[in-house]
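For reference, the structure discussed in these notes is given below.
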Amino acid sequence: MDIELSELLASLRSEIETARTEADGKDVRFKIESVDLELHVAVEKTKQVKGGVKFWVLSGDLTGGSKNTRTHVIKLRLSPETYDAQGQPTTVLTGDDVSDLIG
């Protein structure tokens with residue numbers, strides 16, 4: 001089963017949001033500075049009426065076929081952001097920031 005890159009990122013965003021809300025009010029929380037992903041993707045170009053380029057994250061071995069598909073490795077470094085009521089970026093926490101407690 002392959003998944004579109006946009007679906008993967010939406011799922012990751014949802015998981016981070018779940019971790020953030022579940023940590024609300026906990027004694028220990030963690031600040032997310034970056035999320036590093038290394039993905040094996042298939043790039044498929046279609047020539048249909050609504051043609052375009054799609055990125056599919058591969059979940060297993062790529063099997064043979066006749067589609068014009070190429071596989072690539074992409075690396076993403078994501079820096080999560082949230083915004084306050086005034087639209088200003090704030091730190092994403094999945095718990096209290098304990099960095100001042102770590103030597």
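The shown structure was predicted, so the numbers you read here are calculated from the model rather than taken from an experiment.
Under the 3.5 Å distance criterion, the side-chain polar atoms of S14 are left unmatched by any main-chain donor or acceptor of A10.
With values rounded to the nearest 0.5 angstrom, E33 atom CD is found 10.5 Å from R77 atom CZ.
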*Walk me through it: do V35 and I16 pass the test side chain to side chain contact (heavy atoms under 4.5 Å, CB included)?*
CA-CA 10 Å; V35 178; I16 290 171; 4.1 Å; yes

Stepwise side chain to side chain contact (heavy atoms under 4.5 Å, CB included) check, L78 with L9
CA-CA 10 Å; L78 308 174; L9 294 177; 4.0 Å; yes

Let me see the working for I74 and L37 under side chain to side chain contact (heavy atoms under 4.5 Å, CB included), right down to the final yes or no. CA-CA 8 Å; I74 61 171; L37 300 174; over 6 Å; no

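Taking both residues in full, the closest heavy atoms of E22 and K26 are given as O-CE, 3.4 Å, listed atom of the first, atom of the second, then distance. Scanning both residues, I3 and L8, for their nearest heavy atoms gives CD1-N, 3.9 Å.
D36 has its side chain out of reach of K75: every pair of non-hydrogen atoms, C-beta onward, lies at least 4.5 Å apart. Side chains of V41 and V73 form no contact here, defined as non-hydrogen atoms less than 4.5 Å apart.
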